[in-house]
Amino acid sequence: MAKVHPTELQVSGPCSMNSAGKETFTIWMKSLVCHTNGCTIFDSKGQIVYRVENYDTKGSSEVHLMNLHGHVLFTILKKKLQILGCWNGYRGNFTSRKKEKSSFQVKKCCRILRGDLVCEVRVGFNKYFMVSLGNKKQGFKIVNSGGDIIAEVKQKQLPTGMVLGDDVLTLEIEPRLVDLLL
């Protein structure tokens with residue numbers, strides 16, 4: 001059976017570039033913490049670089065993006081009373097009691113004529129769109145307002161052509177998008 005990560009875990013920086021200059025990550029839709037909901041993100045060397053944890057129930061309104069050591073980089077909160085769904089991302093360990101402007105916002109979108117648009121992402125004055133690559137299993141891409149692909153998520157495939165399970169994804173991302181957030 002193919003491994004998602006190596007047996008020895010090492011701390012590394014988040015950047016791993018492929019030949020196209022994009023950073024490549026593996027997303028394993030499993031939490032490292034028992035009895036929680038989340039996912040683990042590995043760099044191209046198989047080293048853990050990020051964790052996403054929920055600590056509550058699967059449909060929770062609060063999620064934390066952390067580094068390997070558990071330091072919260074972003075808190076993502078679901079905005080209440082939104083019909084289609086809206087999430088705000090705040091730097092650090094954020095509580096809703098603070099009055100702070102969000103670092104980014106994700107809004108679920110609905111298109112009647114073209115069913116490919118999934119979400120709109122705003123980071124400062126920049127606007128990005130998450131677009132489906134086809135059916136749910138094929139993945140999605142993130143494009144800027146000019147239509148340039150900034151990131152792409154799809155099911156992980158080994159060089160031999162073997163596709164790993166539904167819970168293992170590949171994320172290729174432009175380095176400038178990571179720099180924009182972090």
Taking C-beta and beyond as the side chain, do [X] and [Y] meet within less than 4.5 Å on heavy atoms?
{"X": "Val168", "Y": "Ile27", "result": "no"}
{"X": "Thr40", "Y": "Ile48", "result": "yes"}
{"X": "Thr170", "Y": "Thr24", "result": "yes"}
{"X": "Lys22", "Y": "Ile173", "result": "no"}
{"X": "Val131", "Y": "Phe140", "result": "no"}
{"X": "Arg91", "Y": "Leu73", "result": "no"}
{"X": "Asp167", "Y": "Lys30", "result": "yes"}
{"X": "Lys127", "Y": "Val121", "result": "no"}

Kindly indicate, with the supporting measurements, whether the criterion side chain to side chain contact (heavy atoms under 4.5 Å, CB included) is fulfilled by Tyr50 and Leu65.
-> CA-CA 7 Å; Tyr50 300 114; Leu65 171 66; 4.0 Å; yes

Interatomic spacing from [atom1] in [X] to [atom2] in [Y] - rounded to 0.5 Å:
{"X": "Asn88", "Y": "Gln105", "atom1": "CG", "atom2": "CD", "value": "4.5 Å"}
{"X": "Leu169", "Y": "Gln157", "atom1": "CG", "atom2": "CD", "value": "13.0 Å"}
{"X": "Cys119", "Y": "Lys108", "atom1": "SG", "atom2": "NZ", "value": "7.0 Å"}
{"X": "Ile149", "Y": "Glu152", "atom1": "CD1", "atom2": "CD", "value": "5.5 Å"}
{"X": "Asn144", "Y": "Ile150", "atom1": "CG", "atom2": "CD1", "value": "4.5 Å"}
{"X": "Phe25", "Y": "Asp43", "atom1": "CZ", "atom2": "CG", "value": "7.0 Å"}

Start with the C-alpha distance between Phe74 and Phe104, add both sets of side-chain angles, then the distance that settles ring-ring contact (aromatic ring centres under 6.0 Å, His included), and finish with yes or no.
-> CA-CA 10 Å; Phe74 287 96; Phe104 64 91; 5.5 Å; yes

Donor-acceptor pair, [X] side chain versus [Y] backbone, under 3.5 Å?
{"X": "Glu53", "Y": "Met66", "result": "no"}
{"X": "Thr75", "Y": "Phe94", "result": "yes"}
{"X": "Thr26", "Y": "Leu171", "result": "no"}

Are Met29 and Val63 connected in the hydrophobic side-chain network, where two residues link if heavy atoms are under 4.5 Å apart?
-> yes

Return the minimal non-hydrogen interatomic distance between Glu100 and Tyr90, and the atom names on each side.
-> O-CE2, 3.3 Å

Stepwise, does the side chain to side chain contact (heavy atoms under 4.5 Å, CB included) test hold for Gln47 with Phe42?
-> CA-CA 5 Å; Gln47 300 167 337; Phe42 301 86; over 6 Å; no

Could you go step by step and tell me if Leu158 and Leu164 meet the side chain to side chain contact (heavy atoms under 4.5 Å, CB included) rule?
-> CA-CA 7 Å; Leu158 298 176; Leu164 298 179; 4.1 Å; yes

